[in-house]
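Some notes on the structure that comes next.
Atoms within each ligand, like the ligands themselves, are counted from 1 in listed order.
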Amino acid sequence: MRLDKYISGQGLASRRACAEAVRRGQVLVNGLPAARADMQIDPDKDSVCFCGTDISYTEHVYFMLNKPAGYVSATDDRRLPAVTDLFPEQLRRRGIFPCGRLDRDTTGLMLITDDGPLSHALLTPRRHVEKVYRFVSATPLAKQAEDLFSSGMVLASGEQCKPATLRCAPDRLSGEVTLTEGKYHQIKRMVAAAGGSVVQLERICFAGIPLDAGLERGCYRALTADEILKLKENAYPKTEETSWTFSSNSHRS
Ligand code: URA
């Protein structure tokens with residue numbers, strides 16, 4: 001594989017930035033400065049250090065995005081900005097996509113990856129992966145709202161919800177909801193069923209991974225090895241017969 005393709009494919013730099021780093025002697029292959037950006041390397045055997053960071057080939061990439069309002073949960077939209085527009089071209093070409101959907105006006109934690117099977121496993125209703133949302137309502141929620149949520153409410157459409165946890169602020173104008181499913185506009189419709197009207201919604205936790213408080217809206221960062229492990233534990237729960245190990249970021253062996 002070409003060195004610049006390998007580095008850009010990991011989302012570390014564009015090919016042009018890679019070529020500049022090579023010219024400056026900031027890219028080492030097996031400990032020696034790379035001669036050319038287009039030199040061939042073997043991702044399984046060669047070690048590459050890019051601007052002081054040791055990198056190794058990962059089969060998949062996983063990012064935490066702090067989604068801003070105004071972006072649709074898609075990879076492409078003819079009319080509206082899509083969440084993947086917030087990522088550089090070399091990652092988009094890798095085939096990244098949002099794992100699940102948030103409404104256009106919802107903000108907060110969104111997992112962006114190119115790992116289709118993991119995304120599918122996290123989203124399948126059988127898995128009951130937890131998502132935590134913080135909302136603000138224009139009107140106070142009813143006194144019995146907590147019970148309504150925990151008993152598994154029936155929405156105005158007739159859809160049955162799984163039991164959910166609601167924690168309301170004392171003024172009952174805001175709160176947090178933990179869901180283990182993902183119906184269309186679910187929080188908005190559940191809050192409406194309890195007398196509220198959502199005016200702000202943010203996802204603050206997904207599959208046990210909290211939104212990084214240091215991550216500004218519209219920004220993303222790579223998940224840590226521990227966070228990826230947590231995702232995999234949620235997606236593929238261990239049974240007594242199965243166990244799997246994970247080495248940092250799914251390195252090829
Ligand atoms: N529930 C909603 O109503 N909207 C979202 O974006 C996510 C959950």
In the protein, what heavy atom is nearest to [atom], and what distance, to one decimal place, separates them?
atom                   : result
atom 4 (N) of ligand 1 : Asp103 OD2, 2.7 Å
atom 7 (C) of ligand 1 : Tyr133 CE2, 3.5 Å
atom 1 (N) of ligand 1 : Ile187 N, 3.1 Å

Can you tell which of Val48, Asp46, Asp38 makes a side-chain contact (heavy atoms from CB on, under 4.5 Å) with Leu3?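 With Leu3 as partner, side-chain contact (heavy atoms from CB on, under 4.5 Å) holds for just one option, Val48.
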State plainly whether the residues [X] and [Y] are in salt-bridge range, i.e. N to O under 4.0 Å.
X      : Y      : answer
Glu20  : Arg16  : no
Lys230 : Glu233 : no
Asp77  : Arg104 : no
Glu89  : Arg15  : no

Out of all atoms in ligand 1, which are within 4.0 Å of some heavy atom of Thr106? Include the element for each.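 Listed by number with element: 4 (N), 5 (C), 6 (O).
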Region of Leu201 that comes within reach of ligand 1 [heavy atoms, distance under 4.0 Å]: side chain
